[in-house]
Amino acid sequence: MPRTQLTSPDQLTELLLAPGPDQPWWVVRHHRTEANPAWSVKFGARTPVEIIAALTDALTAPAAAPAAGSRQPVRAASGRRMAADG
C-alpha cells in the first residue's frame, strides 16, 4: 500500500496516510514542546475526508483575535436591563 508522510516546517507536526486493513488510515501527531504535551489523532478508513480537512485547517489557520468591541453590545444590553430592573 502507498504511504504518504507530511511534516510541518518546524518538524513538530506530522500527517501520515498509511492505508492498512487493521490500522488507522490517517494519523496526525504533534510532538511535545515546553509549553504543550504531545498528542495524536487517528482516523479510520470510513472517516469523512471533511472531518480530516477541518482538523488540518484548524491546525494551519492562525488564531483569530476577538473583534474589537465584540462584547460591547452585550455590555450595553446588560446595562439597559439593569437600569430597567431598578
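Everything numeric in this text was worked out from a predicted model, so none of it was measured.
- Nearest heavy-atom pair across G20 and W25 is O-NE1, 3.3 Å.
- Pairing each heavy atom of P19 with each of P2, the nearest pair is CD-O, 3.2 Å.
- If you take CG on L15 and OG1 on T60, they are separated by 11.0 Å, rounding to the nearest 0.5 Å.
- Residues I52 and L16 are members of separate hydrophobic clusters, defined by side-chain heavy-atom contacts under 4.5 angstrom among Ile, Leu, Val, Met, Phe, Trp and Tyr.
- Rounding to the nearest 0.5 angstrom, the gap separating the OG1 atom in T56 from the CD1 atom in I51 is 12.0 Å.
- In terms of the ring-ring contact (aromatic ring centres under 6.0 Å, His included) criterion, residue partners of H30 (sequence neighbours excluded) are, by chain and number, W39.
- To the nearest 0.5 Å, atom CG of residue L12 and atom CZ of residue R32 are 11.0 Å apart.
- Both W26 and V41 belong to a common hydrophobic cluster when Ile, Leu, Val, Met, Phe, Trp and Tyr are linked at side-chain heavy-atom distances under 4.5 angstrom.
- With rounding to the nearest 0.5 Å, the separation of CG in D10 from NE2 in H31 is 9.5 Å.
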